[in-house]
Amino acid sequence: MRLKKIITLSTASLLAFSLTACSDSSSKTTGNTSEKSSKGDSKGKTVEITYARGADTTGSTKKLIDAFEKSHPNIKIHYLEMPNSSGQQHDQYVTAFSSKSSEIDVFDADVVWPAEFAQANYAMELDRFIDKDHIKMDNYFPGTVEAAKFDGKQWAMPKYMDAGILFYRKDLIPNPPQTWDELIAQAKQAKGKGGTTAGYVMQANQYEGLVVNAMEFIGSYGGKIIDENNKVVVNSPETIKGLKKMVEVANSGITPNNLLTYQETETERAFNQGQTALARNWPYMAKTADDASDSKVKGKFGYTTLPKGDKGSASTLGGYMAMINRYTDHPKEAWEFVKFMTGPDGQTISAVEGGRAPTIKALYDKPEVQKARPLFKEPFFIKTLSSTIPRPVTPNYQKISDIIQIEVSKALSNSESVEQAVQNMETKIKAAIK
Ligand code: GLC
């Protein structure tokens with residue numbers, strides 16, 4: 001049955017990348033006992049559900065699945081690895097779900113997708129499960145719960161939270177920069193020392209991460225793209241100042257020549273291989289820089305708040321949610337897995353093994369989490385998590401993101417002025433959300 005489904009999907013060229021790249025944690029247990037494609041009563045049988053998520057460089061997903069399978073012997077998880085880039089994952093899910101495929105049961109969704117997936121009818125509404133199992137959404141960081149809501153309903157469960165932070169090499173940067181100007185100066189000084197070839201790296205490729213990075217520059221100068229009332233306010237002196245600083249950072253000789261190809265993976269590689277003195281990335285890098293067998297910066301790095309513009313420091317809210325495909329054949333089992341991953345036990349595994357910041361507030365006080373991941377007991381980090389800036393929560397988000405990506409990319413490569421980029425964003429975003 002499973003093979004038949006895979007063949008059907010492949011023929012339709014759906015998820016082509018993922019299917020070839022997938023790793024199947026349940027291959028040892030499939031066969032007669034596995035009933036992935038069966039509908040109806042699953043009592044007494046082993047049910048296999050497919051869980052899709054982006055490539056995980058921390059290695060914690062396998063541990064999460066093992067722990068779940070141990071405590072739920074009748075549910076097996078087939079792990080389908082998606083591309084690392086948020087945008088590529090998004091497009092593959094849209095292809096699968098718009099054709100009503102039930103191949104994927106549970107998937108990790110970027111914080112910016114729930115509204116779109118809810119409106120497009122791709123996702124299962126979760127309130128009835130949440131109520132039945134008495135899950136208290138108040139225990140979660142409010143920003144993550146909000147991002148998972150649309151039309152007053154809960155469509156996703158917050159799984160981990162991301163917030164941009166600054167990583168630095170302690171041997172090269174004795175006092176981390178407080179402002180973007182200090183960052184440029186310190187990165188210039190440090191570049192070339194201690195085996196580095198760059199002073200600073202960030203995510204500047206034309207993809208979702210570029211929106212995240214641009215929002216941090218814009219936010220640190222007090223600018224916004226869309227305000228609380230859904231008004232497009234991007235064309236402001238503050239946004240222009242923020243983007244000009246971003247362009248300056250990318251063009252002041254402190255970044256690698258190929259910065260415009262940098263996503264998180266490239267950033268992580270450059271930092272962990274000791275090629276850069278400073279880097280903007282998500283919290284998970286604190287884990288890989290410390291634990292990865294090939295990391296050259298173990299014990300040599302620190303982390304702090306992103307630099308300030310003239311209105312302070314801004315960190316974009318990121319992270320992933322767990323969602324259930326509306327067309328799953330196994331909603332009950334899918335929910336059990338979602339509940340486990342996003343509950344205290346699952347999130348402890350993600351935090352300890354994956355360095356993923358929990359969305360449940362109380363986990364930051366858990367000794368096991370604090371011991372394994374010292375970042376999570378840092379006061380600056382808790383403060384950052386409570387003051388992140390969200391990307392617009394709207395079913396039109398992808399259109400808005402595409403526009404920002406194109407315009408910021410042109411500004412970074414100097415093929416248009418920041419003023420022009422901001423003006424184009426205003427016109428195009430207004431048209432897109434009309
Ligand atoms: C991280 C964040 C996600 C963001 C993406 C951008 O995965 O968790 O929210 O959209 O990076 O690259």
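Note that ligands are numbered from 1 as they come in the structure, with each ligand's atoms numbered from 1 the same way. Side chains included, hydrogens not; waters and symmetry mates left out as well; all remaining heavy atoms used.
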Which atoms of ligand 1 sit under 4.0 Å from any heavy atom of [X]?
X: Tyr320; result: 7 (O), 8 (O)
X: Gly209; result: 6 (C), 12 (O)
X: Gly319; result: 2 (C), 3 (C), 8 (O), 9 (O)
X: Tyr207; result: 12 (O)

Exercise. Looking only at heavy atoms of Gln203, does any of them come nearer than 4.0 Å to an atom of ligand 1?
Worked result: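 Under 4.0 Å: no for Gln203.
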Can you find an N or O of [X] that's nearer than 3.5 Å to an N or O of ligand 1?
X: Arg391; answer: yes
X: Val212; answer: no
X: Trp282; answer: yes
X: Glu264; answer: yes

For this session: Evaluate side-chain hydrogen bond (donor to acceptor under 3.5 Å, both in side chains) for Tyr93 paired with Gln88, printing each intermediate quantity in order.
Result: CA-CA 9 Å; Tyr93 289 129; Gln88 285 176 21; over 6 Å; no
For this session: Run the salt-bridge test on Lys136 and Asp138 with the 4.0 Å N-O cut-off and return the result as yes or no.
Result: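 A salt bridge is absent here (no side-chain N lies under 4.0 Å from a carboxylate O).
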Looking at [X] and [Y], what are the two nearest heavy atoms and their distance?
X: Phe217; Y: Gly242; value: CB-O, 3.4 Å
X: Ala147; Y: Met321; value: CB-CE, 3.7 Å
X: Glu216; Y: Ala314; value: CG-O, 3.3 Å

Problem set entry | Nearest-neighbour protein heavy atom for atom 8 (O) of ligand 1, which is reported as residue plus atom name and distance |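 Scanning the protein heavy atoms, the shortest distance from atom 8 (O) of ligand 1 goes to Asp162 OD2, 2.6 Å.
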Problem set entry | Glu268 and Lys287: CA distance, side-chain angles, deciding distance, salt bridge (charged side-chain N to carboxylate O under 4.0 Å, His left out) verdict | CA-CA 11 Å; Glu268 182 187 353; Lys287 174 331 190 257; over 6 Å; no
Exercise. Relative to atom 10 (O) of ligand 1, which among Asp110, Val111, Val112 owns the nearest non-hydrogen atom?
Worked result: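 Minimum heavy-atom distance to atom 10 (O) of ligand 1 goes to Asp110.
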Problem set entry | Within 45° cone of Tyr284 ring axis and under 6.0 Å: Arg356 NZ or CZ |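 Here Arg356 passes the 6.0 Å and 45° test against Tyr284.
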For this session: Begin with the C-alpha distance, continue with both residues' side-chain angles, and end with the deciding distance and a verdict on salt bridge (charged side-chain N to carboxylate O under 4.0 Å, His left out) for Glu426 and Lys430.
Result: CA-CA 6 Å; Glu426 180 182 36; Lys430 276 186 176 162; 3.3 Å; yes
For this session: Would you kindly specify which portion of Gln263 sits under 4.0 Å from ligand 1, judged on non-hydrogen atoms: side chain, backbone, both or neither?
Result: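 No part of Gln263 comes within reach of ligand 1.
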